[in-house]
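This report refers to the structure that appears directly beneath it.
The first residue in the sequence is number 1, and the count goes up from there.
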Amino acid sequence: MTTLAEWKKGYASEMAAAIISHVFKSPGLYEMVSFTLPTNVASRRVMEKCGFAYEQDFKHAGLDHLLYRITRTRWAQRGGQL
Ligand SMILES: CC(C)(COP(=O)(O)OP(=O)(O)OC[C@H]1O[C@@H](n2cnc3c(N)ncnc32)[C@H](O)[C@@H]1OP(=O)(O)O)[C@@H](O)C(=O)NCCC(=O)NCCS
């Protein structure tokens with residue numbers, strides 16, 4: 001999480017991309033999921049910019065959430081370097 005003054009400068013996307021890269025360069029790790037509330041537009045945008053694809057709605061902590069997933073193959077197709 002970043003602070004308000006730092007929002008919309010690409011920091012969350014840059015951090016997420018670095019984490020995704022680290023995960024997929026690790027042996028034996030082939031997919032990642034992320035989720036957020038439907039109303040959290042910024043989080044959804046970060047996930048989409050990083051290549052996560054919407055998969056399904058689901059309940060978490062009694063609330064509607066959106067589940068996203070990215071595979072190692074999709075990440076590599078989008079330019080991720082192994
Ligand atoms: C979610 C959060 C981490 C994103 O951080 P960030 O550093 O601003 O993210 P980025 O700058 O990498 O990208 C944000 C994207 O969302 C977009 N965005 C932000 N608010 C938006 C809104 N209200 N409507 C539409 N798009 C929005 C930005 O324009 C940007 O997309 P773009 O690059 O295509 O313009 C930050 O907003 C935050 O900490 N929010 C409060 C806590 C929170 O919601 N945490 C997540 C709980 S699930």
Side-chain angles (χ1 to χ4, degrees):
M1 187 181 298
T2 52
T3 60
L4 185 55
E6 297 162 339
W7 289 359
K8 298 189 182 182
K9 293 183 179 176
Y11 295 146
S13 298
E14 187 176 336
M15 287 188 284
I19 292 166
I20 294 166
S21 178
H22 175 73
V23 166
F24 288 142
K25 287 178 179 176
S26 303
L29 299 176
Y30 298 102
E31 58 181 28
M32 299 175 67
V33 295
S34 61
F35 56 87
T36 190
L37 296 166
T39 50
N40 198 332
V41 182
S43 289
R44 293 170 64 178
R45 181 72 188 126
V46 169
M47 290 189 267
E48 289 162 2
K49 285 198 293 181
C50 291
F52 282 88
Y54 168 77
E55 186 166 301
Q56 66 181 64
D57 293 13
F58 77 111
K59 291 275 189 191
H60 173 64
L63 299 172
D64 290 332
H65 280 73
L66 306 176
L67 180 70
Y68 285 72
R69 187 180 305 269
I70 186 170
T71 62
R72 191 172 188 255
T73 300
R74 178 176 164 88
W75 171 77
Q77 287 170 343
R78 289 172 46 90
Q81 301 295 314
L82 292 173

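Evaluation of the side chain to side chain contact (heavy atoms under 4.5 Å, CB included) rule for H60 yields F35, F58, H65 as partners, not counting sequence neighbours. With sequence neighbours excluded, the residues that form a side chain to side chain contact (heavy atoms under 4.5 Å, CB included) with A12 are V46. S13 meets the side chain to side chain donor-acceptor pair (under 3.5 Å) test with K49; sequence neighbours excluded.
The shortest distance between side-chain heavy atoms of D57 and L67 does not fall below 4.5 Å.
Heavy-atom minimum distance, C50 versus A17: SG-N, 4.0 Å. Contact between T71 and F24 at its shortest, heavy atoms only, is C-CZ, 3.7 Å. Contact between S43 and T36 at its shortest, heavy atoms only, is CB-OG1, 3.6 Å. In terms of heavy atoms, F52 sits closest to S34 at CD2-OG, 3.4 Å.
The CD1 atom of I20 lies 13.0 Å from the CG atom of L29; values are rounded to the nearest 0.5 Å. If you take CG on L66 and CD on E55, they are separated by 11.5 Å, rounding to the nearest 0.5 Å.
In the hydrophobic clustering of ILVMFWY residues, with side-chain heavy atoms under 4.5 Å counting as a link, W75 and I19 come out together.
Residue pairs that meet the salt bridge (Lys or Arg N to Asp or Glu O under 4.0 Å) test with at least one member in residues 35-46, sequence neighbours left out, do not exist here. Judged as a salt bridge (Lys or Arg N to Asp or Glu O under 4.0 Å), the pairs with a partner in residues 15-42 (not counting sequence neighbours) are, in order, E31-R69. Applying the salt bridge (Lys or Arg N to Asp or Glu O under 4.0 Å) test to every pair with at least one member in residues 8-17, sequence neighbours left out, gives no pairs at all.
Donor-acceptor pairing under 3.5 Å is recorded for the side chains of E48 and Y68.
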